[in-house]
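Working notes for the structure below.
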Amino acid sequence: MFQLSRSPFPARAARPAALLVLATLLAAPLPGLAGAPARADDVGRAARAGQWQLGPLRLREAWRVTRGEGALVAVLDTGVDARHPDLAGAVTEGPDLTGTDERPDQWGHHGTGMASLIAGRGHGEGGASGVIGVAPAARVLSVRVTLESGDPLRETRRSSGDALAKGIRYAADQGADVISMSLGGRGGAPEGSPAEEEAVRYALARGAVLVASSGNDGATTNRRNFPAAYPGVMAVGAVDRRLRVARFSNRQPYLSVVAPGTGIVTADGADGYVVGDGTSSATAVVAGIAALVRSAHPGLSPRHVREAVERGVRRRPPGGHSPAYGHGVVDALLALRAADGLAAPAAPSGASAPRPPDRLPPARTAVLAGMLLLVAGMALRVVLRRDRL
């Protein structure tokens with residue numbers, strides 16, 4: 001199953017080259033069965049083969065440290081279809097805050113894709129088929145806060161204006177370690193809102209790390225997008241296979257980092273896959289890395305988790321930051337190493353001072369005794385001299 005990418009941002013069509021490569025893989029006849037259609041397991045293997053980002057993120061090395069065990073990632077999106085085999089057992093369904101009465105089979109495409117990039121577990125023998133996420137042992141909390149970009153209801157009416165704010169608060173109250181928001185513009189308030197900003201502060205105070213898409217109009221209007229522009233939220237841009245900033249990725253001074261966001265294979269609906277471009281996918285990748293950091297160091301504050309991700313980058317721009325690259329291209333292994341340094345306990349004050357010995361060494365005892373005798377003798381001379389006066 002191949003479709004164009006769906007996004008709460010203005011939709012970006014999947015790159016024809018990426019579609020062609022995977023479509024060719026899926027359409028190829030099976031060995032010994034010329035002309036036979038591809039089976040589901042072959043579709044899954046082709047999807048895994050298309051996940052080019054696994055290598056540059058150095059996930060294989062990072063997974064030797066953690067695979068996201070114990071981390072809970074809230075996906076605030078269009079909903080997640082828990083029936084997809086790559087997400088089996090990974091999803092807890094939260095509330096639908098959109099205020100619509102749509103059937104479940106009418107939504108969940110974009111949200112399912114983002115969840116698969118965060119915590120996809122693959123399927124088949126050894127989980128070798130399908131999409132595997134950055135933190136495949138993490139859990140996903142699905143909270144529906146927006147409609148699909150192609151949903152007719154999206155054009156005729158807005159979902160509840162405070163859906164995102166409510167979703168952020170709900171996720172924080174459920175103990176989410178990371179809140180992933182691959183949305184902007186109409187997914188949240190176009191110019192921001194006091195309710196959303198207050199919800200962000202609330203979630204940060206509850207210990208959640210918030211990650212959001214910088215936007216897909218970098219080549220045109222390059223708008224400030226919310227929730228990415230709220231203070232405390234990690235704004236994420238996209239890079240291509242050569243780790244160059246994608247033309248569509250928004251350039252902003254508040255950009256945190258960039259991550260793979262072109263030609264990205266994701267799960268779709270109940271059993272399909274889709275290839276697409278966008279900062280949405282890049283955001284899900286960064287949310288997965290934040291989940292790895294939280295899994296390895298549960299006690300790190302949101303500020304320190306963000307610092308670990310921003311320190312653990314490659315291609316850091318001159319001066320350490322730029323509106324296009326942020327602090328650089330994310331690297332899961334380097335982020336975990338940076339987190340190790342931030343989590344190292346600080347030495348208590350005075351800990352470096354040597355502990356005084358219980359007894360003075362013999363040489364020091366003799367010197368001290370001599371000094372005491374000298375002082376006593378001088379004192380005696382003073383007393384005698386006074387007696388003579």
Side-chain angles (χ1 to χ4, degrees), residues 51-68 71 73 114 116-120 132-136 138 177-182 209-215 218 228 233-246 248-252 254-266 277-297 300 302-317 320-342:
Q51 288 194 271
W52 66 266
Q53 72 273 18
L54 300 182
L57 293 172
R58 294 210 282 181
L59 290 176
R60 302 294 180 188
E61 296 90 337
W63 289 338
R64 295 171 188 161
V65 179
T66 177
R67 295 171 64 87
V73 182
M114 299 307 102
S116 71
L117 291 177
I118 295 168
I132 189 165
V134 173
D177 295 287
V178 182
I179 299 176
S180 181
M181 299 173 286
S182 290
V209 180
L210 290 88
V211 189
S213 307
S214 66
V233 177
M234 294 184 67
V236 182
V239 293
D240 60 20
R241 288 173 181 260
R242 297 183 181 181
L243 304 186
R244 299 176 304 188
V245 176
F248 60 78
S249 183
N250 286 33
R251 277 83 164 158
Q252 292 290 344
Y254 54 78
L255 189 70
S256 176
V257 290
V258 290
T262 66
I264 304 298
V265 183
T266 65
D277 299 343
T279 56
S280 286
S281 297
T283 297
V285 166
V286 174
I289 293 178
L292 293 179
V293 172
R294 261 294 167 78
S295 173
H297 300 288
L300 278 186
R303 180 175 67 84
H304 282 138
V305 173
R306 175 177 184 155
E307 189 174 347
V309 176
E310 292 177 345
R311 284 187 185 184
V313 294
R314 291 186 287 162
R315 299 205 175 186
R316 187 179 296 275
H321 185 275
S322 77
Y325 270 95
H327 290 276
V329 183
V330 291
D331 182 306
L333 182 61
L334 292 181
L336 287 171
R337 288 176 178 172
D340 289 342
L342 292 168

Do [X] and [Y] have side-chain heavy atoms sitting under 4.5 Å apart?
{"X": "Ile132", "Y": "Gln51", "value": "yes"}
{"X": "Leu255", "Y": "Ser214", "value": "yes"}
{"X": "Thr266", "Y": "Leu117", "value": "yes"}
{"X": "Val134", "Y": "Leu57", "value": "yes"}
{"X": "Val330", "Y": "Val309", "value": "yes"}

- Before giving the answer on side chain to side chain donor-acceptor pair (under 3.5 Å), spell out for Thr283 and Ser213 the whole-Å C-alpha distance, their side-chain angles and the decisive distance to 0.1 Å. CA-CA 6 Å; Thr283 297; Ser213 307; 3.0 Å; yes

- Item | Val211 vs Ile179, side-chain contact (heavy atoms from CB on, under 4.5 Å): CA-CA, chis, key distance, verdict | CA-CA 6 Å; Val211 189; Ile179 299 176; over 6 Å; no

Under 3.5 Å, side chain of [X] to main-chain N/O of [Y], donor-acceptor pair present?
{"X": "Arg67", "Y": "Pro136", "value": "no"}
{"X": "Glu310", "Y": "Val257", "value": "no"}
{"X": "Asn250", "Y": "Gly218", "value": "yes"}
{"X": "Asp277", "Y": "Gly263", "value": "yes"}

Can you list the residues that meet the side-chain hydrogen bond (donor to acceptor under 3.5 Å, both in side chains) rule with [X], with sequence neighbours excluded?
{"X": "Arg337", "result": "none"}
{"X": "His304", "result": "Ser301"}
{"X": "Glu307", "result": "Arg311"}

Could you state the interatomic distance from [atom1] ([X]) to [atom2] ([Y]), rounded to the nearest 0.5 Å?
{"X": "Leu342", "Y": "Arg303", "atom1": "CG", "atom2": "CZ", "result": "8.5 Å"}
{"X": "Tyr325", "Y": "Arg244", "atom1": "OH", "atom2": "CZ", "result": "8.5 Å"}
{"X": "Trp63", "Y": "Leu54", "atom1": "CH2", "atom2": "CG", "result": "5.5 Å"}
{"X": "Arg242", "Y": "Thr262", "atom1": "CZ", "atom2": "OG1", "result": "11.0 Å"}

What are the two closest heavy atoms between [X] and [Y], and how far apart are they?
{"X": "Val209", "Y": "Ala290", "answer": "CG1-CB, 4.3 Å"}
{"X": "Arg316", "Y": "His327", "answer": "CG-O, 3.4 Å"}
{"X": "Ser182", "Y": "Ser280", "answer": "OG-O, 2.8 Å"}
{"X": "Ala238", "Y": "Gly278", "answer": "CB-O, 4.1 Å"}
{"X": "Tyr254", "Y": "Ala235", "answer": "CD1-CB, 3.7 Å"}
{"X": "Ala282", "Y": "Gly237", "answer": "CB-O, 3.3 Å"}

- Item | Worked check of side-chain contact (heavy atoms from CB on, under 4.5 Å) between Ser281 and Met114 | CA-CA 6 Å; Ser281 297; Met114 299 307 102; 3.9 Å; yes

- Task: Please name all residues satisfying side chain to side chain contact (heavy atoms under 4.5 Å, CB included) with Arg251, sequence neighbours left out, ordered by chain then number.
- Result: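 If we apply the side chain to side chain contact (heavy atoms under 4.5 Å, CB included) test to Arg251, skipping adjacent residues, the hits are Asn222, Val245, Ser249, Pro323, Ala324.
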
- Task: Just jot down the side chain to side chain contact (heavy atoms under 4.5 Å, CB included) partners of Asp331, sequence neighbours excluded, or say none.
- Result: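 Checked Asp331 against side chain to side chain contact (heavy atoms under 4.5 Å, CB included); matches are Arg58, Arg314, Leu333, Leu334.
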
- Item | Set of ring-ring contact (aromatic ring centres under 6.0 Å, His included) partners for His297, sequence neighbours left out |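 Here no residue qualifies.
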
- Item | side-chain contact (heavy atoms from CB on, under 4.5 Å) between Val293 and Leu300, intermediate numbers included | CA-CA 8 Å; Val293 172; Leu300 278 186; 3.8 Å; yes

- Yes or no on side-chain contact (heavy atoms from CB on, under 4.5 Å) for Val265 and Trp52, after CA distance, side-chain angles and deciding distance? CA-CA 9 Å; Val265 183; Trp52 66 266; over 6 Å; no

